[in-house]
Amino acid sequence: MRKLYQSILKKHFCLHLFTETYKGDRPGKSKMASLLLMSERSFYDLERGKSCCSALTLALYLLYVCEDVSVFLEDLRGEFEDEGILLIIKGEDEK
C-alpha cells in the first residue's frame with residue numbers, strides 16, 4: 001500500500017515540478033534546486049521521476065514554489081481516490 005502512495009506522489013510531484021520549472025517567469029533548474037535545498041543532480045533525478053521527494057522538499061515546494069497549493073493537493077487527492085486509496089483508509093469497500 002505504501003509503495004502505491006509513493007508511486008502516485010512521485011508521478012504527481014514530478015509533473016508539477018516539471019510544469020513549474022518550465023513556466024516562462026520561473027527560475028531555472030539551478031535556482032529551483034537552491035530553493036528546494038538540494039543539489040542540481042538531486043533536482044534532476046526528482047524532476048525525471050527517478051526519486052521521490054522528501055517531506056522537507058515537499059514542504060519547501062509547497063511554501064516557496066507552488067503557485068496554488070490547494071490545486072496541487074486537490075489533484076493529488078483525486079489521484080489517490082482514483083486508486084481507491086481513501087476508501088480503504090476510511091474503511092469502506094474498495095471499488
Side-chain angles (χ1 to χ4, degrees):
M1 177 68 70
R2 185 175 177 88
K3 287 186 181 191
L4 181 57
Y5 273 109
Q6 288 175 329
S7 175
I8 293 169
L9 176 60
K10 182 167 47 170
K11 289 176 188 173
H12 183 74
F13 187 79
C14 178
L15 175 65
H16 278 262
L17 186 62
F18 186 82
T19 302
E20 292 293 334
T21 302
Y22 291 100
K23 282 186 178 175
D25 62 339
R26 302 305 287 177
K29 289 182 183 185
S30 178
K31 180 66 175 173
M32 289 287 267
S34 180
L35 285 171
L36 298 176
L37 302 177
M38 60 179 30
S39 70
E40 287 183 47
R41 179 69 185 162
S42 294
F43 180 82
Y44 178 82
D45 287 346
L46 192 61
E47 183 183 44
R48 297 290 179 247
K50 291 178 86 176
S51 61
C52 192
C53 60
S54 67
L56 176 60
T57 300
L58 180 59
L60 292 169
Y61 173 79
L62 293 174
L63 291 170
Y64 301 114
V65 178
C66 186
E67 288 187 358
D68 193 336
V69 175
S70 61
V71 168
F72 177 90
L73 294 174
E74 284 298 318
D75 289 349
L76 182 59
R77 176 184 291 179
E79 291 180 38
F80 283 167
E81 288 175 350
D82 287 347
E83 292 295 325
I85 290 175
L86 293 181
L87 296 176
I88 295 168
I89 291 172
K90 292 179 181 178
E92 298 175 14
D93 293 331
E94 295 184 44
K95 290 182 180 179

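What's counted below: heavy atoms across the whole structure, side chains too, no hydrogens, waters or symmetry copies. Note that this is a predicted model, so its numbers are computed, not measured.
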### ring pair (Phe, Tyr, Trp, His ring centres under 6.0 Å) involving Phe18 - partner list, sequence neighbours excluded
Tyr22
#### Entry: Results of ring pair (Phe, Tyr, Trp, His ring centres under 6.0 Å) for Phe43 - residues two or more places apart only
none
### Task
Identify, with sequence neighbours excluded, every residue that meets side-chain contact (heavy atoms from CB on, under 4.5 Å) alongside Leu58.
Phe13, Cys53, Leu62, Phe72
### Task
List in chain and number order the residues that pass side-chain contact (heavy atoms from CB on, under 4.5 Å) with Ser7, two or more places apart in sequence or in another chain; answer none if no residue qualifies.
Lys11
Rounded to the nearest 0.5 Å, how far apart are [atom1] of [X] and [atom2] of [Y]?
X: Leu36; Y: Tyr64; atom1: CG; atom2: OH; result: 11.5 Å
X: Lys10; Y: Lys3; atom1: NZ; atom2: NZ; result: 10.5 Å
X: Lys50; Y: Cys14; atom1: NZ; atom2: SG; result: 12.0 Å

### Task
Considering non-hydrogen atoms only, spot the tightest contact between Leu46 and Cys52 and give its length.
CD1-C, 3.7 Å
### Task
Would you name the heavy atoms of Glu20 and Val65 that are closest together and state the gap between them?
OE1-O, 3.6 Å
### Query
In terms of hydrophobic clusters joined by side-chain contacts under 4.5 Å, are Val71 and Leu73 together?
no
Is any side-chain heavy atom of [X] closer than 4.5 Å to a side-chain heavy atom of [Y]?
X: Leu17; Y: Met32; result: yes
X: Asp75; Y: His16; result: yes
X: Leu35; Y: Leu60; result: no

### Thr19 side-chain N/O to Leu15 backbone N/O, donor-acceptor pair under 3.5 Å
yes
### Partner residues of Ser39 under the side chain to side chain donor-acceptor pair (under 3.5 Å) criterion, sequence neighbours left out
Ser42
### Residue pairs, two or more places apart or on separate chains, that pass salt bridge (Lys or Arg N to Asp or Glu O under 4.0 Å) and touch residues 31-44
Arg41-Asp45
